[in-house]
Amino acid sequence: MQIVTRSENPPELQSFEPYERSRIKPGEPVCFPYHVIAEPGEGQSKRGVILSPRPDYSSWEVRCDEGTGMGGDDEAPSPLGYLIMGVAFCLLTHIKGYLHKAPMQISSIKVEIRAEYATLQPDPQNGGQGVGRCDAYGCHVLIDSDEPDEKIQALVAVCRDACMAIATIANAVPTTTRVFVNGATDGIAV
């Protein structure tokens with residue numbers, strides 16, 4: 001079983017309104033939505049499709065699982081693993097984009113992230129679910145370079161501020177959760 005494959009026939013959204021997938025023009029502000037459709041599989045496995053946010057992006061099918069300690073088969077990365085890896089990849093995208101336009105003498109770049117998660121007070125009456133939280137998040141960028149330290153620090157600061165994934169976890173982002181039961185067209189906020 002492949003973990004990630006290109007989705008040639010992605011499913012359609014059922015609860016969100018259609019959106020226009022505009023092309024990005026160099027030098028203009030970027031604004032685009034991302035949509036994901038996910039469904040459970042056997043045990044703790046899941047299958048999701050990342051829908052193309054723009055005409056020049058593909059849609060991707062992704063498999064996910066939990067480790068055996070969480071009731072999974074450990075056959076694919078966990079949801080939180082994908083989340084944090086996505087942050088690292090997004091930051092690296094901005095660093096590489098910056099260096100493409102303003103090259104520097106850099107011999108290596110690596111991003112290390114630690115996110116400390118906890119589930120509090122699992123309740124048997126609520127299916128064993130507790131209240132989840134993230135207690136700490138640290139992102140380290142390791143760079144080997146002969147460039148002045150100030151220049152490297154400025155590069156990382158600009159790219160950190162441009163990184164949408166870091167902004168998502170670092171800022172209070174308004175969130176909603178709605179439930180659509182039996183094909184209802186109006187969801188119920190929970």
Side-chain angles (χ1 to χ4, degrees), residues 1-68 70-94 96-97 111 113 115 117 119 126-134 137 159 162-190:
M1 164 181 67
Q2 286 191 300
I3 305 295
V4 178
T5 56
R6 184 173 274 115
S7 179
E8 300 299 337
N9 297 305
E12 296 287 326
L13 291 167
Q14 291 180 289
S15 62
F16 285 99
E17 295 292 323
Y19 66 98
E20 181 181 335
R21 299 181 323 152
S22 58
R23 290 206 177 268
I24 292 176
K25 297 178 182 132
E28 290 186 3
V30 177
C31 186
F32 57 93
Y34 249 108
H35 290 96
V36 169
I37 299 171
E39 299 173 312
E42 295 292 320
Q44 282 288 348
S45 70
K46 296 87 159 167
R47 174 187 142 313
V49 177
I50 303 166
L51 300 176
S52 166
R54 303 181 349 210
D56 56 339
Y57 276 46
S58 294
S59 292
W60 295 91
E61 183 172 318
V62 180
R63 303 258 177 212
C64 180
D65 200 1
E66 295 285 356
T68 56
M70 294 289 291
D73 293 324
D74 200 28
E75 292 184 350
S78 71
L80 292 174
Y82 278 118
L83 175 68
I84 296 306
M85 185 62 75
V87 174
F89 285 163
C90 189
L91 180 58
L92 284 170
T93 295
H94 288 284
K96 297 277 289 181
V111 172
I113 293 179
Y117 293 102
T119 300
N126 290 330
Q129 300 301 303
V131 176
R133 71 180 199 203
C134 183
Y137 169 86
C159 294
C163 180
M164 296 170 209
I166 288 177
T168 300
I169 63 170
N171 301 314
V173 178
T175 62
T176 61
T177 303
R178 298 185 75 75
V179 178
F180 294 78
V181 179
N182 297 326
T185 57
D186 288 331
I188 300 165
V190 294

Asker: Sequence neighbours left out, what pairs pass salt bridge (Lys or Arg N to Asp or Glu O under 4.0 Å) with at least one residue falling in residues 77-89?
Answerer: none
Asker: Tell me, please, which residues at least two apart from Ser59 pass side-chain hydrogen bond (donor to acceptor under 3.5 Å, both in side chains).
Answerer: none
Asker: Please table the atom pairs, donor to acceptor, closer than 3.5 Å between any side-chain atom in residues 181-190 and protein atoms at least two apart or in another chain.
Answerer:
none

Asker: List for me each residue that meets salt bridge (charged side-chain N to carboxylate O under 4.0 Å, His left out) alongside Glu61, sequence neighbours excluded, and say none if there are none.
Answerer: Arg47, Arg63
Asker: Rounded to the nearest 0.5 Å, what separation is found between the CD1 atom of Ile50 and the OH atom of Tyr82?
Answerer: 8.0 Å
Asker: Rounded to the nearest 0.5 Å, how far does CD1 of Ile84 lie from SG of Cys134?
Answerer: 6.5 Å
Asker: Side chains of residues 3-15: which donor-acceptor partners sit under 3.5 Å, not counting sequence neighbours?
Answerer:
| residue | atom | partner | partner atom | Å |
| --- | --- | --- | --- | --- |
| Arg6 | NE | Ser58 | OG | 3.0 |

Asker: Under 3.5 Å, sequence neighbours excluded: what are the donor-acceptor pairs made by side chains of residues 87-94?
Answerer:
| residue | atom | partner | partner atom | Å |
| --- | --- | --- | --- | --- |
| Thr93 | OG1 | Phe89 | O | 3.0 |
| His94 | NE2 | Ala162 | O | 3.3 |

Asker: May I ask you to decide if Gly72's main-chain N or O and Asp65's side chain share a donor-acceptor pair within less than 3.5 Å?
Answerer: no
Asker: For Phe16, what residues pass the ring-ring contact (aromatic ring centres under 6.0 Å, His included) criterion, not counting sequence neighbours?
Answerer: His35
Asker: Listed by chain and number, what are the side-chain contact (heavy atoms from CB on, under 4.5 Å) partners of Gln129, not counting sequence neighbours?
Answerer: none
Asker: Identify all side-chain donor-acceptor contacts of residues 168-175 below 3.5 Å with residues at least two apart in sequence or on another chain.
Answerer:
| residue | atom | partner | partner atom | Å |
| --- | --- | --- | --- | --- |
| Thr168 | OG1 | Met164 | O | 2.8 |
| Asn171 | ND2 | Ala167 | O | 3.1 |

Asker: List the residues meeting side-chain contact (heavy atoms from CB on, under 4.5 Å) with Glu66, not counting sequence neighbours, and say none if there are none.
Answerer: Gln44, Lys46, Met70, Ser78, Pro79
